[in-house]
Protein chains: 2
Amino acid sequence: MARTSGSHAKITGPKIQEAAQRLFARHGYAAVSMRQIATEVGVQVGALYNYTPDKQTLLVGLMTSHLEELLSAWGQEGAVATAAARLEQFTRFHIRFHKERPDAVFIAYMELRNLTPKNFETVEVLRRRYEGALEEILRSGVTEGAFAIADTKVATMGIIAMLTGLNTWFREDGRLSFDEVEDLYWGIVRNSVGLAG
Amino acid sequence: MARTSGSHAKITGPKIQEAAQRLFARHGYAAVSMRQIATEVGVQVGALYNYTPDKQTLLVGLMTSHLEELLSAWGQEGAVATAAARLEQFTRFHIRFHKERPDAVFIAYMELRNLTPKNFETVEVLRRRYEGALEEILRSGVTEGAFAIADTKVATMGIIAMLTGLNTWFREDGRLSFDEVEDLYWGIVRNSVGLAG
DNA sequence: TAGAAATAAGAACAATTGTTCAATTCCTGA
DNA sequence: TCAGGAATTGAACAATTGTTCTTATTTCTA
């Protein structure tokens, strides 16, 4: 056999990324073989190497494209007046964006140790840029006198960890709807920066 | 060769656990081979199987003993009067306990997907018991009228995620000392439950 | 419609994987 | 001191790993 009928890079390429993302998230990068990915795509393992030079590149590609999407989506949020409104906007944006991409989020946090140093740095630059967006909000809120925050960098890390942690426990069929949880999280964040209810 | 001079289970046993913990945390469970562990211990791979029936048991053993230590240590904290004081006690305890065991914490959070279903359930029971400890504090604070919390379960997950997240960014040689960060985190937690500064 | 480019199959590679087991040596208690 | 249990080696197993390469077929372009 050789090239199969109907095969096309525009189709196989995305399929490979989706399969890799799903499998890496489910079992972990190291535990997933190239053959498993190929099987999921419906292709033989050799074909994968028309799309990636190696397994590592597949991983770092998933991470960077996720973080770039994240930054791009945040950049497209509309402008709001006060720091408090901006913080609410960020909180709800973060929660919603991450909820829609559990696999990508999982990989971006869990597989950092499987990156080569150079790839790790690339990913970290993107992540820090996103953290910087929140910190800027917190700083402007302190300047406005609206927030009571002792250290904006520490608050940034605390808030992001809290928001991202939602992915680890929220279940669609649980006690609360997602909208309810979103409101509750915003309530906690609002409190945490010293905003009046 | 065979039994080596000076060899003893009381020594090799802990050494294996320490090596496995260090390596699993650094590279991930799936990425670490039994031979790497053996090399780290200074032993041949066959010897490991005097101490564990298989690799999976090594992993689940690390997780459960970490969580049991955590629960035991929390159980030994002294009694305090108010819910607010108890929450401060929990916050500082959690941060300090986790700071001392970065490898164990990392594994307990990152390697859940490598557990068999039965082992996963065992670990989850322990984790839920710990989460329950915090939720009980929050509930009693609400009863006292000291805390303003809309949903204690959600607040529990949010606070624990925030506190545990500290491990991912704190560096001993960073801008702030650990004691400073501990105080800052307590300030955020205090705010988040609506306690007056 | 012919030739070129794109796409995939399938076999092959050496290296590594978790686990088992007999053989061998050391250590301890009586 | 010596027997028996404890501890380890070292070899072996089949299965799986990431990657490369040649070959074959399909699709695209002119």
Side-chain angles (χ1 to χ4, degrees), chain A residues 1-24 26-63 107 111 113-116 118-119, chain B residues 1-24 26-63 107 111 113-116 118-119:
Chain A
M1 287 285 257
R3 178 167 190 172
T4 54
S5 170
S7 64
H8 204 302
K10 293 255 159 67
I11 297 177
T12 307
K15 266 190 169 179
I16 289 173
Q17 294 196 333
E18 287 158 23
Q21 182 165 91
R22 188 169 41 246
L23 289 170
F24 288 168
R26 205 93 75 216
H27 308 108
Y29 172 76
V32 173
S33 72
M34 295 297 271
R35 281 169 184 80
Q36 283 177 63
I37 298 172
T39 300
E40 192 93 344
V41 174
V43 101
Q44 294 301 312
V45 65
L48 298 184
Y49 289 85
N50 291 332
Y51 299 88
T52 182
D54 48 37
K55 196 183 172 192
Q56 165 85 193
T57 304
L58 209 45
L59 175 62
V60 73
L62 290 173
M63 288 189 179
I107 292 169
E111 302 294 355
R113 61 189 168 187
N114 285 309
L115 294 177
T116 61
K118 193 180 159 188
N119 285 338
Chain B
M1 287 284 258
R3 178 168 190 173
T4 55
S5 167
S7 62
H8 203 302
K10 293 254 158 68
I11 296 178
T12 306
K15 266 190 168 181
I16 290 173
Q17 293 196 333
E18 287 157 22
Q21 182 165 89
R22 189 169 42 244
L23 289 171
F24 287 167
R26 206 93 77 216
H27 308 108
Y29 171 76
V32 173
S33 72
M34 295 297 271
R35 280 168 185 80
Q36 283 177 64
I37 298 172
T39 300
E40 192 95 344
V41 174
V43 99
Q44 295 300 312
V45 64
L48 299 185
Y49 290 86
N50 291 332
Y51 298 90
T52 181
D54 49 36
K55 197 183 171 191
Q56 165 87 194
T57 304
L58 210 44
L59 174 63
V60 73
L62 291 173
M63 289 190 178
I107 292 170
E111 303 295 356
R113 62 190 168 187
N114 285 308
L115 294 177
T116 61
K118 192 180 160 188
N119 286 337

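Quick caveat: nothing in here was measured; it's all calculated off a predicted structure. We name chains A, B, ... by the order of the sequence lines, and we start the count at 1 in each one. In what follows, every heavy atom counts, from backbone to side chain, and hydrogens, waters and symmetry copies are set aside.
If you check D:dA7, D:dT27, D:dT20 against the side chain of A:Tyr49, the one that comes closest is D:dT20.
For A:His8 and C:dA6, the shortest distance from a side-chain N or O to OP1 or OP2 is not below 4.0 Å. A close approach under 4.0 Å does not occur between any side-chain nitrogen or oxygen of B:Ser33 and OP1 or OP2 of C:dT16. Within the structure, every side-chain polar atom (N or O) of B:Thr4 is placed at least 4.0 Å from both OP1 and OP2 of C:dC26.
The side-chain hydrogen bond (donor to acceptor under 3.5 Å, both in side chains) search around B:Glu111 returns A:Arg113, B:Asn114, not counting sequence neighbours.
Once rounded to the nearest 0.5 Å, the distance linking CE of A:Met34 with CG of A:Leu23 reads 11.5 Å. How far CG of B:Leu58 is from CD of B:Gln56: 10.0 Å, rounded to the nearest 0.5 Å. Between the CD1 atom in B:Ile37 and the CZ atom in B:Arg22 there is a gap of 10.5 Å [rounded to 0.5 Å].
Under the 4.5 Å side-chain criterion, counting only non-hydrogen atoms from C-beta, A:Ile107 is not in contact with A:Tyr29. In this structure, B:Leu115 and B:Met63 have side chains that are in contact, with non-hydrogen atoms separated by less than 4.5 Å.
Per the geometry, CZ belonging to A:Arg35 stands 11 Å off C1' belonging to C:dG10, to the nearest Å. Look at CE on B:Met34: it is 20 Å from P on D:dA15, rounded to the nearest Å. Spacing between atom CD of A:Gln44 and atom P of D:dT17 amounts to 14 Å, rounded to whole angstrom units. Note: CD1 (B:Ile37) to P (C:dT17) measures 11 Å, nearest angstrom.
Within 3.5 Å, no donor on the side chain of A:Arg3 pairs with an acceptor on the base of D:dT25, nor the reverse.
Backbone-only contact: A:Ala9 has heavy atoms under 4.0 Å from sugar-phosphate atoms and none from a base. Across all strands, B:Val32 comes closer than 4.0 Å only to sugar-phosphate atoms, never to a base (heavy-atom distances). Heavy atoms of B:Val43 sit under 4.0 angstrom from primed sugar atoms or phosphate atoms, though from no base atom.
For DNA chain D, the residues of residues 50-59 of chain A within the heavy-atom distance limit of 4.0 Å (strictly under) are A:Asp54, A:Lys55, sorted by number.
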